[in-house]
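The sequence lines fix the lettering, A, B, ..., with proteins before strands; numbering per chain opens at 1.
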Number of protein chains: 2
Amino acid sequence: MTDIEKTLENKSVRPTAMRILIYKYMAEKEIAVALTDIENAFEKAERTTLYRTLKTFEEKGIVHQIDDGTNISKFALCEPGCNCELDQDLHLHFHCSNCDKTVCLTEHKIPHINLPTGYIAEDANLVIKGICDTCSQH
Amino acid sequence: MTDIEKTLENKSVRPTAMRILIYKYMAEKEIAVALTDIENAFEKAERTTLYRTLKTFEEKGIVHQIDDGTNISKFALCEPGCNCELDQDLHLHFHCSNCDKTVCLTEHKIPHINLPTGYIAEDANLVIKGICDTCSQH
DNA sequence: CATTAAATGCACTACAGTTGCATTCATAAT
DNA sequence: ATTATGAATGCAACTGTAGTGCATTTAATG
Ligand SMILES: [Mn+2]
Ligand SMILES: [Mn+2]
Ligand SMILES: [Zn+2]
Ligand SMILES: [Zn+2]
């Protein structure tokens, strides 16, 4: 049994062939991926299966969904120990307006924000847009 | 000439009947509105006209577009003196998961964030999700 | 009134997201 | 080993937002 299979089983997700492929694909990519990215990476992939796989992964805390402002949902593997299903891993995300990639800045947490009276915060999303490290070198 | 007409002309936007109506509608609403909200508010409204009106308003700095994480673009009137077309009015937004409304917290600016080396910030979007002041009272 | 450009209305496209249902597959019980 | 069961997948279709092309109407100008 491979590491990926173990990871999936630990999260109560049956390690099917497609799920393992998707997990591996996301692990190799260092950036957040869209449904369409995965679809294009595997010629034989069925959009619905990918969609439901990502949904399952998200529900089981394997990936987290990212809204980077492009109106296309991105997904990234959760770090080990990340409890984002409890909204307790509020790291920020960076979207490069040049190469269009979105990355997790897992070490950079969203600072605490004081809200007006009556407002109760449950979750937060912070996206910085700009030029990524790769693009700024050229 | 009404105040609204003056405001539009000051921003080099011709104050047509529909534009005045849309502006008035947004001014009366205290919350951010979606294209569909406006469409439903005026039976006779043409979706394309609303779409292009909001686009014009945004280009001329009359409204700013808000990505509140719902994947439905919202719009809100800019405060007087807001220069959001220069990405210099980085206030945060609050989205209520109960009543689904989105509000500008114009007094609450997005704190400065230190990024890893090589990353250049140009814009930022911070959305807090939770329970709004109205919903938390009940 | 005639000219001209902006604004609007209508039709249609593009695409991410989503769902229903039939089929296949894996697992566990018999 | 066979069968029963539910999960996973494949296929088709639908939804809703966003966006574009083009003809027509409207408003400003001389
Ligand atoms: Mn992330
Ligand atoms: Mn705002
Ligand atoms: Zn880049
Ligand atoms: Zn509310």
Side-chain angles (χ1 to χ4, degrees), chain A residues 1-2 4-9 11-25 32-60 62-76 95 100 102, chain B residues 1-2 4-6 8-25 32-60 62-76 95 100 102:
Chain A
M1 173 135 54
T2 69
I4 292 179
E5 286 175 280
K6 275 182 213 154
T7 306
L8 294 181
E9 294 219 325
K11 300 277 190 175
S12 320
V13 171
R14 235 196 263 176
T16 66
M18 199 62 217
R19 286 173 173 172
I20 294 170
L21 282 176
I22 294 174
Y23 190 101
K24 193 183 289 183
Y25 173 76
V33 298
L35 187 60
T36 308
D37 296 329
I38 309 178
E39 201 181 8
N40 294 336
F42 305 100
E43 274 308 308
K44 246 188 82 185
E46 224 290 320
R47 189 169 184 82
T48 314
T49 303
L50 303 179
Y51 171 76
R52 286 196 262 238
T53 298
L54 288 173
K55 209 171 175 184
T56 301
F57 279 11
E58 195 199 0
E59 283 162 7
K60 296 303 172 68
I62 296 169
V63 305
H64 59 281
Q65 190 169 359
I66 303 163
D67 169 20
D68 61 8
T70 62
N71 274 345
I72 298 171
S73 287
K74 306 283 168 57
F75 298 86
H95 176 74
D100 198 47
T102 298
Chain B
M1 177 137 50
T2 69
I4 293 179
E5 285 176 279
K6 275 181 210 156
L8 294 180
E9 294 219 325
N10 284 342
K11 301 278 189 174
S12 320
V13 171
R14 235 196 264 176
T16 67
M18 200 63 217
R19 286 172 172 173
I20 294 170
L21 282 175
I22 294 174
Y23 190 100
K24 192 183 292 185
Y25 172 76
V33 297
L35 187 60
T36 307
D37 296 330
I38 308 178
E39 200 181 7
N40 294 334
F42 304 100
E43 274 309 308
K44 247 189 82 186
E46 226 291 318
R47 189 172 184 82
T48 314
T49 303
L50 303 179
Y51 172 76
R52 286 196 263 239
T53 297
L54 287 173
K55 208 171 176 186
T56 301
F57 278 11
E58 194 199 0
E59 283 162 7
K60 297 302 173 68
I62 296 170
V63 304
H64 59 281
Q65 191 169 357
I66 302 164
D67 170 20
D68 61 9
T70 61
N71 275 345
I72 298 171
S73 287
K74 305 285 167 62
F75 298 86
H95 177 73
D100 199 48
T102 298

Problem set entry | OP1 or OP2 of dA7(C) under 4.0 Å from side-chain N/O of Arg52(B) | no
Exercise. Which heavy-atom pair separates Asp100(B) from Lys74(B) by the least distance, and what is that distance?
Worked result: O-NZ, 4.4 Å
Problem set entry | Closest non-hydrogen atom pair between Phe57(A) and Ile22(A), with its separation | CE2-CG2, 4.2 Å
Seminar exercise, completed: Atom CE of Met18(A) and atom P of dC11(D) are separated, to the nearest Å, by 13 Å
For this session: Over all heavy atoms of both residues, which pair between Ile38(B) and Leu50(B) is shortest? Give the atoms and the distance, please.
Result: CG2-CD2, 3.9 Å
Problem set entry | N or O in side chain of Thr16(B) less than 4.0 angstrom from dA7(C) OP1/OP2 | no
Problem set entry | Distance-minimising heavy-atom pair for Ser12(B) and Lys60(B) | O-NZ, 3.2 Å
For this session: Would you classify Ser73(B) as touching base, sugar-phosphate or nothing, given that sugar-phosphate means primed atoms plus P, OP1 and OP2, and contacts are heavy atoms under 4.0 Å?
Result: sugar-phosphate
Problem set entry | Under-4.0 Å side-chain N/O to phosphate OP1/OP2 contact, Lys55(A) with dT9(D) | no
For this session: Indicate, yes or no, whether a donor-acceptor pair under 3.5 Å links the base of dC15(C) to the side chain of Thr36(A).
Result: no
Problem set entry | Earlier contact from the 5' end, DNA chain C, for Val13(B) and Thr48(B) | Val13(B)
Exercise. Where each residue is assigned the nucleotide of DNA chain D containing its nearest heavy atom, which of Asn71(B) and Arg14(B) is assigned the position nearer the 5′ end?
Worked result: Asn71(B)
Exercise. Does Tyr51(B) make a side-chain N or O approach to OP1 or OP2 of dG19(D) shorter than 4.0 Å?
Worked result: yes
